[in-house]
Amino acid sequence: METKYIFVTGGVVSSLGKGIISSSLACLLKARGFSVTIQKFDPYINIDPGTLNPYEHGECYVTEDGHEADLDLGHYERFTNVRMSRANNVTTGRIYQSVIDKERRGDYLGKTVQIIPHITDEIKRNVKRLGSNGQYDFIITEIGGTVGDIESLPFLESVRQLKWELGRNCVCIHLTYVPYIRAAKELKTKPTQHSVKQLQQLGIQPDILVLRTEHEIPAAMLRKIAQFCNVSADAVIQSIDVPSIYEVPLSMHRQHLDEIVMAKTDVPVNGEPDMAPWMQFVDKMKNATETVTIGLVGKYVELQDAYKSINESLFHAAVHNDRRLKLKYIHSEKVTPENVAEMLDGLDGVIIAPGFGQRGIEGKFVALKWCRENDIPTFGICLGMQCMVIEFARNVLGLADANSTEMNPSTPHNVIDLMEDQKTIHNMGGTMRLGAYTCDLKEDSLAARAYGRTRVNERHRHRFEFNNDYRQRFEEAGMKCVGTNPDTGLVEVVEIPGRRWMLGTQYHPEYSSTVLNPSPLFIDFIKAAINR
């Protein structure tokens, strides 16, 4: 069949969950046997979120092909089991950079370069690129930001043009907000009406409305919204708050979102989507009665989106082990030798979070020492793994000044050092070791047993590495280097066999964890936490 294009826009306020609605729709269509992918257009001028502070934009997600992407791509992968690439996330910065590069080459033959048609044509080209080889039946494009934002206007103008060009192969879903005024005890539809009116003023008539709400919207109010917004009554859907984002696909299907999209794109609606594996996950999630308590030690804990993929991977693994996850956030800047026992008391396991820079690093060392000495299941990821190495060097090898050259360039014991191919790099954006690389695991290591194999491919995002000059000393003292890159010899996984579960990965296993295929390392970590 011809590729169908679905655009998802947002109105009234940001953070309504366009990514979750897009992911839920993709999940339903994929469960019907269609090939589906999702892309995110972000209106900020950064080339990608790689140089953004997590406080600005939450987690930076990394695709297998080494693109630093918006965190919504993590939702897309977790909900669909479809691997994303750099083609699935485009920013205003990338659009403008591409157009300017073409202008400098003379591709526009001396014409004046303008928003219309040159910027909008570049946006449209990126929208259609995923569908150019007929690989996908449905391509869902989420437009970041909120209708009315200046930054989003070129994207919305491109959507307007594509709606005319694609005809019945194109559908626009508008996600908006229906607030509840507690003092008046009333839901208010006016913000939605104004949001749709703004969209109509830009030349876009939404085909489907999804209404975010904390309270059930009466049928009469749904009909009123449909009438005011020129949308058919059966195409107004409410997205009421649910306990977990993983219940949203089921809620959307109960209101026939997938069927409405298919009908509006002339795709025959036959039978029901095969959601049995998804429903099994949701049932396990709801029926779990026992709890596993995990502490996450990091410096961005005020903003939980900074560790979004880790949070979700822990949740997947807990559900897989028939447990409810209780996640305790521990600010690494506040951990000291005097309070560490109190701050980590009652935890079944500890995650030492990834990150960059000196801030909060000493608290991670303190937490790691306490966990090692008290035999608490501990999982260090990226910088967390590097901290595990430094703490071991200081307190077991006796190298009191051991450090990473990231934190102390003149450290006498650089057990973590800048990678050789990073030493000539000056631009920060998109220049780290990024994407999926092969790792060979030693047989009968904790990691190999968890994965059930000795060769894995996981995603990376780092500049610094384990210094192999110290490898023998670590091995002899009890920290084993059990995972290495076969091409470079880079140490990817360390573990301490003398402990219940103490393992660090240079890579980010959380990026590859999905609802239907949880990360084996996270599953094994949670299992060890439960057994403790």
Side-chain angles (χ1 to χ4, degrees), residues 14-20 22-23 38-44 46-80 83-86 88-91 142 144-145 245-246 294-317 325 327 329-332 351-357 359-360 364 379-385 428-430 432-436 458-463 505-515 518-519 521-522:
S14 58
S15 301
L16 288 179
K18 293 192 299 294
I20 300 299
S22 300
S23 300
I38 319 177
Q39 62 183 175
K40 172 78 180 287
F41 280 17
D42 273 309
Y44 51 75
N46 304 66
I47 300 299
D48 56 51
T51 57
L52 285 172
N53 188 312
Y55 289 121
E56 289 281 323
H57 209 68
E59 168 190 81
C60 177
Y61 190 76
V62 177
T63 59
E64 285 191 342
D65 65 347
H67 176 64
E68 292 173 299
D70 181 79
L71 62 81
D72 274 320
L73 267 72
H75 289 312
Y76 302 165
E77 288 201 12
R78 286 188 283 272
F79 275 66
T80 65
R83 294 310 185 202
M84 302 289 140
S85 71
R86 66 180 60 249
N88 295 85
N89 189 202
V90 180
T91 68
E142 177 191 344
I245 58 173
Y246 300 115
I294 304 296
L296 191 152
V297 180
K299 66 177 179 179
Y300 299 118
V301 293
E302 305 96 326
L303 183 72
Q304 293 171 22
D305 274 357
Y307 304 113
K308 190 64 179 175
S309 291
I310 292 176
N311 299 352
E312 297 306 315
S313 298
L314 287 168
F315 184 78
H316 301 159
L325 174 67
L327 190 53
Y329 295 95
I330 300 160
H331 203 305
S332 58
I351 293 266
I352 306 297
F356 299 93
R359 185 170 69 87
K364 290 183 178 181
F379 193 175
I381 298 174
C382 198
L383 180 62
M385 171 266 204
M428 292 294 101
M432 282 186 276
R433 183 173 184 253
L434 293 164
E458 294 281 14
R459 301 177 218 185
H460 297 69
R461 186 175 184 249
H462 64 107
R463 297 186 193 278
T505 61
Q506 182 59 76
Y507 53 75
H508 291 261
E510 71 272 19
Y511 289 148
S512 58
S513 184
T514 70
V515 170
S519 164
L521 280 184
F522 277 88

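All of these numbers come straight from a predicted model, not from anything done at the bench. Side chains included, hydrogens not; waters and symmetry mates left out as well; all remaining heavy atoms used.
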message: One pair to check against salt bridge (Lys or Arg N to Asp or Glu O under 4.0 Å): E68 and R459. What are the steps and the verdict?
response: CA-CA 11 Å; E68 292 173 299; R459 301 177 218 185; over 6 Å; no

Trace of the side-chain contact (heavy atoms from CB on, under 4.5 Å) decision for N46 with T91: CA-CA 7 Å; N46 304 66; T91 68; 5.8 Å; no

field: Derivation and outcome, side chain to side chain donor-acceptor pair (under 3.5 Å), residues S23 and H75
entry: CA-CA 7 Å; S23 300; H75 289 312; 5.8 Å; no

task: Kindly indicate, with the supporting measurements, whether the criterion side-chain contact (heavy atoms from CB on, under 4.5 Å) is fulfilled by V90 and D42.
output: CA-CA 6 Å; V90 180; D42 273 309; over 6 Å; no

- request: Take F379 and L521, measure what side-chain contact (heavy atoms from CB on, under 4.5 Å) needs, and give me the verdict at the end.
  value: CA-CA 9 Å; F379 193 175; L521 280 184; 4.1 Å; yes

- prompt: Under the side chain to side chain donor-acceptor pair (under 3.5 Å) criterion, do Y511 and E77 qualify, and how do the steps go?
  reply: CA-CA 9 Å; Y511 289 148; E77 288 201 12; over 6 Å; no

message: Show, in sequence, the C-alpha distance, side-chain angles and deciding distance for Y76 and E142, and conclude whether the side-chain contact (heavy atoms from CB on, under 4.5 Å) test is met.
response: CA-CA 11 Å; Y76 302 165; E142 177 191 344; 2.4 Å; yes

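Within the model, atoms CG of L434 and CG of D48 stand 8.5 Å from one another, a figure rounded to the nearest 0.5 Å. Rounding to the nearest 0.5 angstrom, the gap separating the CD1 atom in I294 from the CG atom in N311 is 12.0 Å. A distance of 10.5 Å separates CG in L303 from CD in E59, rounded to the nearest 0.5 Å. Distance check, rounded to the nearest 0.5 Å: NZ of K299 to NE2 of H331 gives 9.5 Å. Of the inter-residue distances, the one linking F356 atom CZ with Y300 atom OH reads 8.0 Å to the nearest 0.5 angstrom. In this structure, I381 CD1 and Y307 OH are separated by 10.5 Å, a value rounded to the nearest 0.5 Å.
With S313 contributing its side chain and E510 its backbone, the two residues share a donor-acceptor pair below 3.5 Å. Under the 3.5 Å distance criterion, the side-chain polar atoms of K18 are matched with a main-chain donor or acceptor of G145. Remark: side-chain polar atoms of S332 are paired, donor with acceptor, to backbone N or O of G360 under 3.5 angstrom. Side-chain atoms of N88 come within 3.5 Å of backbone atoms of I38 as a donor-acceptor pair (strictly under, hydrogens ignored).
Taking 4.5 Å as the limit, every side-chain heavy atom of R463 sits out of range of all side-chain heavy atoms of R433. Contact of the V515 side chain with the H316 side chain is registered, since non-hydrogen atoms from C-beta on lie closer than 4.5 Å. In this structure, the side chains of I245 and F79 come closer than 4.5 Å at one or more pairs of heavy atoms. Within the 4.5 Å cutoff, side-chain heavy atoms of I351 are placed close to those of I310.
Considering all non-hydrogen atoms of both residues, A353 and L296 come closest at CB-CD2, 3.9 Å. Contact detail for S85 and D65: the closest heavy-atom pair is CB-OD2, 3.3 Å. A pairwise comparison of heavy atoms in E64 and R83 identifies OE2-NE, 3.6 Å as the closest pair. Taking both residues in full, the closest heavy atoms of S309 and R78 are given as OG-NH1, 3.2 Å, listed atom of the first, atom of the second, then distance. Closest non-hydrogen pair, G50 versus C60, comes out as CA-SG, 4.0 Å. In terms of heavy atoms, C382 sits closest to P354 at CB-CB, 3.9 Å.
In this pair, H460 and Y507 present their aromatic rings perpendicular. The plane angle is above 60°, beyond the 30 to 60° band. In this pair, F315 and Y246 present their aromatic rings parallel. The plane angle is below 30°, not in the 30 to 60° band.
For the 3.5 Å distance criterion, the side chains of Y44 and D70 fail to qualify, holding no donor opposite an acceptor. When only modelled atom types and interatomic distance are considered, S512 and E458 share a side-chain donor-acceptor pair under 3.5 Å.
Residue D72 is tested with Q39, K308, K40 for a side chain to side chain donor-acceptor pair (under 3.5 Å); the sole match is K40.
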